[in-house]
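Here is the structure we will look at, set down as structure tokens.
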Protein chains: 2
Amino acid sequence: MAVSIKDIAKVAGVAPSTVSRALSDHPRISRETRERVRRIAREMEYTPSLLARSLVKQDTATIGVVITSVSDPFLTNVVTGIEEVAQEQGYSVLLSSSYLDAKRELEVVSSFHGRRTRGIIVIGSQIDTGYLHMRDRFPLPIVLTNCPIYPYSVSTDNPASARQAVEHLIQLGHRRIAYIANRRSYRSNLDRLTSYHQVLEAQRIPVDEDLIIEGDGTLGGGNAAVEALRSRTRPPTAVFCFNDMTAIGVLSALRQAETRVPEEMSVVGFDDVEFAAYCHPPLTTVRQPTDLMGQRLMRMLLALIRGQEDVEPEVLPGELVIRESTGDPPLPA
Amino acid sequence: MAVSIKDIAKVAGVAPSTVSRALSDHPRISRETRERVRRIAREMEYTPSLLARSLVKQDTATIGVVITSVSDPFLTNVVTGIEEVAQEQGYSVLLSSSYLDAKRELEVVSSFHGRRTRGIIVIGSQIDTGYLHMRDRFPLPIVLTNCPIYPYSVSTDNPASARQAVEHLIQLGHRRIAYIANRRSYRSNLDRLTSYHQVLEAQRIPVDEDLIIEGDGTLGGGNAAVEALRSRTRPPTAVFCFNDMTAIGVLSALRQAETRVPEEMSVVGFDDVEFAAYCHPPLTTVRQPTDLMGQRLMRMLLALIRGQEDVEPEVLPGELVIRESTGDPPLPA
DNA sequence: TTGTAGGCGTTATCAT
DNA sequence: ATGATAACGCCTACAA
């Protein structure tokens with residue numbers, strides 16, 4: 001049994017309420033009892049029960065963050081940004097992973113509610129717009145990433161960023177451009193795919209559905225996609241990948257197939273995870289402003305917790321980072 | 001204000017205790033009131049307060065896990081393994097990051113105590129043996145990774161694994177082998193460095209202190225180490241890196257310097273993170289059995305929570321995975 | 001089978 | 001300045 005305020009009270013020969021006041025620095029208490037109680041508390045290694053405190057205060061000063069998986073490289077700065085603002089505002093952060101599974105995501109959300117967090121941030125949600133319907137039934141504010149349809153969300157400008165990426169390839173002279181999708185990320189994938197279509201159409205380049213490949217946003221998925229790509233009768237000269245993980249998987253598979261990048265095939269990713277700059281060749285990609293996203297997510301959630309009415313979705317610009325995985329298309333044989 | 005058991009009681013026209021029994025499936029309750037109360041609870045979107053429940057039950061059924069940082073690729077399976085066993089045993093997992101900072105680590109540990117978790121797992125601790133002294137002052141059991149000196153720990157056999165790695169290089173014919181250390185990981189680093197020394201001595205190869213380079217376990221650290229390496233009057237023909245991140249940083253820097261791997265320089269990592277197989281060239285490395293570690297960590301913590309007395313440190317074997325970043329040394333000029 | 005009452009560790013209100 | 005008391009939401013004897 002952990003030491004409680006009552007134990008201290010007994011030792012100090014005062015009432016429990018006095019101990020509480022001493023520890024919480026209440027104005028109406030004598031300096032000497034305060035110091036004495038504090039000393040005893042320290043000696044007894046007292047650590048206040050947040051459970052009890054939260055119960056009576058009706059506030060846990062805690063928020064919950066659902067991540068896709070520990071060690072999703074995309075998350076680093078997002079979570080750091082969240083924690084930064086949270087700490088500054090006196091909030092604690094509870095973290096749990098959804099493993100990209102909708103059922104598990106809902107379980108986590110529900111467990112956060114059970115713990116009486118004040119609000120929830122879901123990164124890479126599988127439920128997505130499903131939260132729209134939950135909004136009146138569920139008592140906690142929920143903020144999402146990359147789902148601009150949802151009113152409480154912080155997103156990278158997927159359409160514009162994806163457009164930049166595809167236009168970059170077209171400017172280099174590519175005409176046959178593949179897209180490797182991510183079936184596990186409905187919303188972002190749709191945005192990026194739509195831009196892909198739009199840019200090609202705007203440039204009057206016919207869209208070849210054979211060049212749109214199913215993927216899953218993982219290294220292995222990128223790897224597998226290359227096989228599909230190479231089986232096409234008219235293979236592409238460039239690949240736009242849903243994310244960097246996919247792109248790095250693609251790079252690895254191309255290397256094994258002895259296809260040179262970018263001489264024979266250009267590759268573009270999305271996210272700009274740390275590894276992207278350390279690949280071979282260093283990856284051309286779209287940078288998402290992850291640290292900023294984290295900060296904005298937390299600020300938006302705080303606004304909702306405080307009952308602000310004027311909260312609106314935020315869209316942040318992405319940035320095309322041109323490295324060495326893209327270049328001119330090969331000369332036609 | 002969230003809906004409580006009292007609210008349900010009012011609506012159902014019964015006492016709060018009856019609601020409690022209905023929801024917790026108590027034996028002495030009529031089937032019909034139970035069903036009725038449950039239906040009402042569902043309709044009211046009742047979610048029990050874990051705060052209150054934990055307080056009265058004197059058990060949160062929760063453990064805390066301190067990780068170095070979200071998206072440390074080493075963590076994936078460790079955390080998955082922990083959560084697997086935790087779920088199976090009815091425990092929840094709280095996650096928080098130390099950012100490799102001792103002060104922050106202690107804050108997290110303390111906050112877990114405040115939340116009354118039943119025990120704590122610290123992955124990649126900065127405190128390390130410091131927990132030895134805390135053991136009687138601190139009321140929660142703490143389990144560590146890769147700190148076999150500490151009685152409650154699960155480790156990869158660092159000495160034996162590192163020995164394998166260095167012996168592999170020597171067998172290939174290397175004599176000038178560098179080691180890139182990690183100043184942020186005292187214990188594991190020391191073990192690996194010691195093995196490095198021992199193997200060289202056993203083979204009567206003089207140790208050149210110039211070939212032991214400071215690093216920090218990051219991509220950038222590996223990158224920077226190469227510069228130091230190249231400045232040596234007699235550069236090495238092989239590099240043993242503290243971990244894969246370092247090794248991947250090294251590969252990237254060598255590529256920029258147009259040093260071919262493995263023809264001109266062999267590189268060995270440690271961990272076998274997922275990226276290791278997708279590098280160029282695919283990285284020779286030591287696999288840590290991370291999923292198993294996670295499971296064992298959780299089982300050990302459970303044993304301690306249950307008051308078992310016979311808990312002993314566990315050491316699991318690592319495995320050298322030979323890929324394509326190691327080969328014969330270049331012929332002397 | 002159901003209701004009443006006490007308590008988990010804390011804070012806050014009201015006396016003293 | 002300090003003590004007594006009630007309350008937060010829940011569980012669990014004990015009583016009915």
Side-chain angles (χ1 to χ4, degrees), chain A residues 1-38 40-41 44-62 90 92 111-118 139-140, chain B residues 1-38 40-41 44-62 111-118 139-140:
Chain A
M1 211 63 61
V3 27
S4 83
I5 228 171
K6 284 186 193 168
D7 303 322
I8 300 173
K10 249 174 225 154
V11 174
V14 297
S17 51
T18 305
V19 176
S20 174
R21 278 188 285 251
L23 294 173
S24 60
D25 216 10
H26 192 88
R28 283 204 293 270
I29 193 164
S30 73
R31 174 189 300 275
E32 60 176 332
T33 39
R34 192 185 47 190
E35 296 312 324
R36 194 165 54 86
V37 167
R38 291 195 164 203
I40 294 174
M44 296 177 74
E45 308 272 341
Y46 170 71
T47 305
S49 164
L50 295 182
L51 301 176
R53 199 207 298 268
S54 301
L55 191 59
V56 60
K57 285 233 190 182
Q58 291 292 82
D59 180 8
T60 53
T62 298
S92 298
S111 98
F112 282 153
H113 181 200
R115 291 200 138 77
R116 294 298 185 265
T117 59
R118 298 297 303 273
L140 299 182
Chain B
M1 210 63 62
V3 26
S4 84
I5 227 172
K6 281 186 196 168
D7 304 322
I8 301 173
K10 252 175 224 155
V11 174
V14 298
S17 53
T18 306
V19 176
S20 173
R21 279 188 283 251
L23 295 173
S24 61
D25 220 9
H26 191 88
R28 283 203 294 270
I29 193 166
S30 74
R31 175 189 299 275
E32 60 177 332
T33 37
R34 192 185 46 189
E35 296 312 324
R36 195 165 54 87
V37 167
R38 290 194 165 203
I40 294 174
M44 297 178 71
E45 308 272 341
Y46 170 70
T47 304
S49 165
L50 295 182
L51 300 176
R53 179 178 297 177
S54 301
L55 191 59
V56 60
K57 285 234 189 178
Q58 291 292 83
D59 179 8
T60 52
T62 299
S111 98
F112 282 153
H113 182 200
R115 292 200 137 76
R116 294 299 185 265
T117 60
R118 298 298 302 274
L140 298 181

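Just so we're on the same page: letters track the sequence lines, and every chain starts at 1. Since this is a predicted model, take the numbers as computed values, not measurements.
- A:Arg116 and B:Ala2 get closest at one heavy-atom pair: NE-CB, 3.8 Å.
- With sequence neighbours excluded, the residues forming a side chain to side chain contact (heavy atoms under 4.5 Å, CB included) with A:Thr62 are A:Thr60, A:Ser92, A:Leu94, A:Thr117, B:Arg115, listed by chain and number.
- Every residue meeting the side chain to side chain contact (heavy atoms under 4.5 Å, CB included) condition with A:Lys6, not counting sequence neighbours, appears here in chain and number order: A:Ser4, A:Pro16.
- The terminal axes of the helix from C:dT1-D:dA16 to C:dT16-D:dA1, fitted over 5 pairs per end, subtend an angle of 50° to the nearest 10°.
- To the nearest 0.5 Å, atoms CG (A:Leu50) and OG (B:Ser54) are separated by 12.0 Å.
- Between B:Leu23 atom CG and D:dG9 atom C1' the separation is 13 Å, expressed in whole Å.
- Taken to the nearest 0.5 Å, the CZ atom of B:Arg53 stands 8.0 Å off from the OG atom of B:Ser20.
- Remark: B:Ile40 CD1 to B:Ile8 CD1 distance equals 8.0 Å, nearest 0.5 Å.
- In this structure the side chain of B:Glu35 reaches within 4.5 angstrom of the side chain of B:Arg31, judged on heavy atoms.
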Would B:Tyr46 and B:Leu23 count as a side chain to side chain contact (heavy atoms under 4.5 Å, CB included) here? Give the steps. CA-CA 10 Å; B:Tyr46 170 70; B:Leu23 295 173; 3.5 Å; yes

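- Bracketed by its first and final contacts, the part of DNA chain C lying under 4.0 Å from non-hydrogen atoms of chain A reaches from C:dC8 to C:dT13 in 5' to 3' order.
- The salt bridge (Lys or Arg N to Asp or Glu O under 4.0 Å) pairs that include a residue from residues 12-28 of chain B are B:Asp25-B:Arg34, B:Asp25-B:Arg38, where partners are two or more places apart or lie in different chains.
- Heavy-atom minimum distance, A:Ala15 versus A:Ala9: C-CB, 3.9 Å.
- Residue B:Thr33 is classed as a sugar-phosphate contact, given heavy-atom separations below 4.0 Å to backbone atoms only.
- For A:Gln58, a side-chain nitrogen or oxygen approaches OP1 or OP2 of D:dG9 to under 4.0 Å.
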Check nucleotides 10-12 of chain D for protein N or O atoms closer than 3.5 Å to its own N or O atoms and list the pairs.
unit_1	atom_1	unit_2	atom_2	d
D:dC10	OP1	B:Tyr46	OH	2.6
D:dC10	OP1	B:Ser49	N	3.2
D:dC10	OP2	B:Ile5	N	2.6
D:dC11	OP1	B:Arg53	NE	2.8
D:dC11	OP1	B:Arg53	NH2	3.3
D:dC11	OP2	B:Ser20	OG	3.0

